[in-house]
Structure formats: structure tokens, C-alpha cells
Amino acid sequence: MDTEQKLNILAESSRFDLACACKYKHEPGRIRGPEGRWIYPASLPSGRKVFLLKTLQSNACENDCSYCPFNRAQNIQRCTLAPEQLARTFMQLFDANRVGGLFLSSGVNGNADTTMARMIATVELLRKRYHFRGYIHLKIIPGADALAIEQAIRLATRVSVNIEAPSAERLSQLSRRKRFHQDIIGAMSTIKRCLDENNGGGSQTTQFVVGAAGESDREIVRATERLYQKFDMGRVYFSAYQEFSAAPVTRVSSRGLLFDDLYENAAPESAPGFIREHRLYQVDFLLRKYKFSREDIYFDDNGNLSLESDPKMVWARLHPEFFPVDVNRADYEQLLRVPGIGPIGAKRIVRDRRQGRIRTLKDLSSLGVRARVAGEYLALPVS
Ligand code: SF4
């Protein structure tokens, strides 16, 4: 197989990993670039927009994660890019102005340390031989040695390790080989220590696979909150579990996409799993950007979020005593509680009403507020 064929396979394999600051839209991280498969648009932590080459170094894996189409039991075509192959290909794409950064992950080919060594060698080539100074996101393999993690942090712009499940018990339902505390939480602790020693430079991210272990949304939200508190996470990502066919796939299709067959029956992105994923992102935003606390998030008797209504709307309906909010007097935090008003809209309302009263829904629309939604919850001089 030549490098391009390998890249077709490996880049397609990496598409379920969202923890790469991919642009947040209705379905975060599932936006493809012009290449359709290797290259993803992403917003960097700095806010700058770039295209990332997103790929695995290898889809060979010793692990048995039941949610993963590349676990060792699957009869699929395996391949590995050598560090030199991958670094050279990346630089060709970079020099042709097609990518501005790299997102690199890998199956566990050998063990955690040999896998990390291969990935680090790739990044080292990019930094030292090719003098690439741009964005590199490097996944840490669970169970990696602390020295490898330190080296990865020195070379990459951002590192992350996927938590996958909200507890050791839940993870044990997905894998008999991955150890929650030793391999994953241990790696997060090492990353945090190294970042703190770097005078707080940078932050880590992580990702849950949602719906594979029978966990509830409440378990994920609790775990997410703890992750932000304990490890200063830059972001937590959620990836809806998608069932995959166990049918053997052993050939590269005419378009070079090995996994066409594997995913042709994949669930549409309006399926409940994706709505659930979207609700978890909404909760994440409410906790981080809207000054909501966990007590403001409502779950059903099974501990799950409503699939029908977004969690901010659920809160508003359960708190009629809070409304209507006077748009010309309410403070920033009160405005943030109003469905249809986000942080940008709330800031603009507070800024613009200094120049004169906000009178109509049209005034609100011009400030970026979803006026039709917000109007039901606001007191306006003219309605
Ligand atoms: S370690 Fe990663 S690539 Fe390997 S089976 Fe688990 S999720 Fe898949």
C-alpha cells in the first residue's frame, strides 16, 4: 500500500475522535473539509480557524474496546504509517496550503509506549527536521509512560487522553484491558502536573463515548464537572456511540475508502444518540458559559436529559417565577437565563441599552438574539 492509500484508511478511522477543537455547530466536530475525509476545519484554542490533517498513525490495535470498529477482534485491513512517511506527507499538504495543523491519534500497535514512541518520532521530525511551528494535537495513549507524556507535551501544542466512560465500573463494561484509574486518570494527572510546571501554559481535553456502556446523562455530567475541576480541562467532548457492523471488510474500495461498507448503514445524525450528544454539549455550555450549576440541570427518572427540549428551555419552563425578565433592567446573568439569549446577545443588550431603551423584538434581533423565542420570556416596553 502506498502512503495515500494508507492515509485514506487511517484518516477515515480517526473520524470518531472529536477532541480536536473542531468547529462547534449543530453537530460538533462532524464537519468535513474540502477533501471530505483527511482534512477537517477546526477552531484552535486561540480562536484561529485552520484546516487540520486528522489521522491515525496506525489502526492496528491490541485493545478490545467493544465500541470501537478497530478493536483487535475485527477483521479489517490494518496499516501503519512510518513517522517519516507521515511527516513528509503532512509537510507536502502544509506546503501546498491545504492544512495548517495536525491531529494525530493511533491504535495501540505493540503497547502504549511503542505506540507513543512512533507518534512522538513523527512530531519530532515535524518540529526538528521540518521546523514546523504550527498546531499539533497529539493523543496520549492510555497507560503511556510519564516520560513519554512529558516529551509529548514539550513537542505538541495540545495533548489529550480520552476518558471514554464516566467511571471505572462503566469502562470495565467496554474494555477488559483499559484501566480507568491507572491508565486514563493517571495520564490526566501527569498531563496536569506537566502543564502546571510549564507555568500553566496550555490545557488538556478529553472525550466520552456516549451510550456504549448504558451510562446515564447524569453520570456523564457529574464526571464532566469533576474533570473540569480536577484537571482544568480546556474542553470535554462527547461522541455518540455508533453501532458498527462486525462483517469482515478486507478490501480498499474503488474510492480508496476502506470503511464505506462498514458505515453505509450508520445512523443519521438526527438519531437519538446524536441528539443526546447534542444535549450534553448544551449542558457543557450552560455550565461553562451561562453560569448554570449542576442543580439547574434537570434529568428524568432514568437520569437522562430531555431529547425533546434543550436543557435551558427545560429550566425556564420549571421556573415561571423567574419570568418575565425586564430586558432594560436585568443584569447579565439574568439575561443569560432567557431562552434565545446567549452570552454575546446578553453582552450586547447590556452595552446597547446604555444608549437608549430596547423597545421591540426587532431591536433584539439586531443584537443577535433569537427574538421570537426570547420574546415569550421578556418584558418589553413595546411587545
Ligand atoms: S484503544 Fe483505541 S483504537 Fe484500540 S480498540 Fe480501544 S478505542 Fe479502538
Side-chain angles (χ1 to χ4, degrees), residues 6-20 29 54-81 86 103-120 122 137-145 148-149 152 159-168 170-188 191 204-215 220 236-249 258-259 262-263 266 273 277:
K6 285 185 181 178
L7 201 55
N8 274 331
I9 293 170
L10 294 168
E12 182 66 10
S13 305
S14 75
R15 71 180 182 155
F16 293 102
D17 211 321
L18 306 181
C20 62
K54 185 176 176 192
T55 186
L56 298 181
Q57 183 110 37
S58 173
N59 69 350
C61 192
E62 307 292 312
N63 273 353
D64 61 352
C65 310
S66 59
Y67 55 87
C68 177
F70 319 112
N71 69 45
R72 61 186 187 160
Q74 301 309 311
N75 180 17
I76 60 169
Q77 190 162 7
R78 310 280 180 175
C79 62
T80 300
L81 281 166
L86 180 49
F103 179 94
L104 183 59
S105 186
S106 183
V108 183
N109 183 2
N111 58 34
D113 290 327
T114 51
T115 304
M116 281 302 304
R118 206 176 290 114
M119 295 163 77
I120 286 170
T122 304
H137 186 137
L138 193 56
K139 298 300 292 192
I140 300 296
I141 303 299
D145 183 74
I149 295 176
V159 298
S160 62
V161 56
N162 285 357
I163 190 161
E164 316 293 13
S167 64
R170 291 295 184 190
L171 187 68
S172 70
Q173 292 169 33
L174 302 176
S175 170
R176 276 168 301 174
R177 296 169 74 97
K178 268 187 187 165
R179 296 168 305 173
F180 187 79
H181 291 289
Q182 296 96 314
D183 295 346
I184 297 174
I185 301 297
M188 285 178 179
I191 294 169
Q204 58 179 314
T205 63
T206 192
Q207 175 173 298
F208 288 94
V209 55
V210 175
E215 78 293 330
I220 294 181
V236 174
Y237 294 84
F238 310 98
S239 179
Y241 168 59
Q242 297 174 63
E243 280 185 45
F244 58 92
S245 155
V249 178
L258 179 69
F259 298 111
L262 201 57
Y263 295 117
E277 175 192 294

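We count residues from 1, following the sequence as given. One-based numbering, in listed order, for ligands and for the atoms of each. Predicted model only: the values in this text are computed from it and were never measured.
Distances from atom 4 (Fe) of ligand 1 to the heavy atoms of S105, P69, A60, C61 put C61 nearest. Which of C65, G107, P142 comes nearest to atom 6 (Fe) of ligand 1 through a heavy atom is settled by distance: it is C65.
Residues T115 and N109 have side chains that never bring a donor and an acceptor to within less than 3.5 angstrom of each other.
The atoms of ligand 1 that sit less than 4.0 Å from any heavy atom of C68 are 3 (S), 5 (S), 7 (S), 8 (Fe).
Between F103 and H137, the ring planes are tilted. Angles from 30° to 60° get that label.
At most 12 non-hydrogen atoms from other residues, nucleotides or ligands lie less than 6.0 angstrom from CZ of R176.
With a 4.0 Å cut-off on non-hydrogen atoms, K178 touches ligand 1 through its side chain and not its backbone.
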*Walk me through it: do K178 and N63 pass the test side chain to side chain donor-acceptor pair (under 3.5 Å)?*
CA-CA 8 Å; K178 268 187 187 165; N63 273 353; over 6 Å; no
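Judged by distance alone, the side chain of T206 and the main-chain N or O of V161 form a donor-acceptor pair under 3.5 Å.
The closest protein non-hydrogen atom to atom 1 (S) of ligand 1 is N63 ND2, 3.4 Å.
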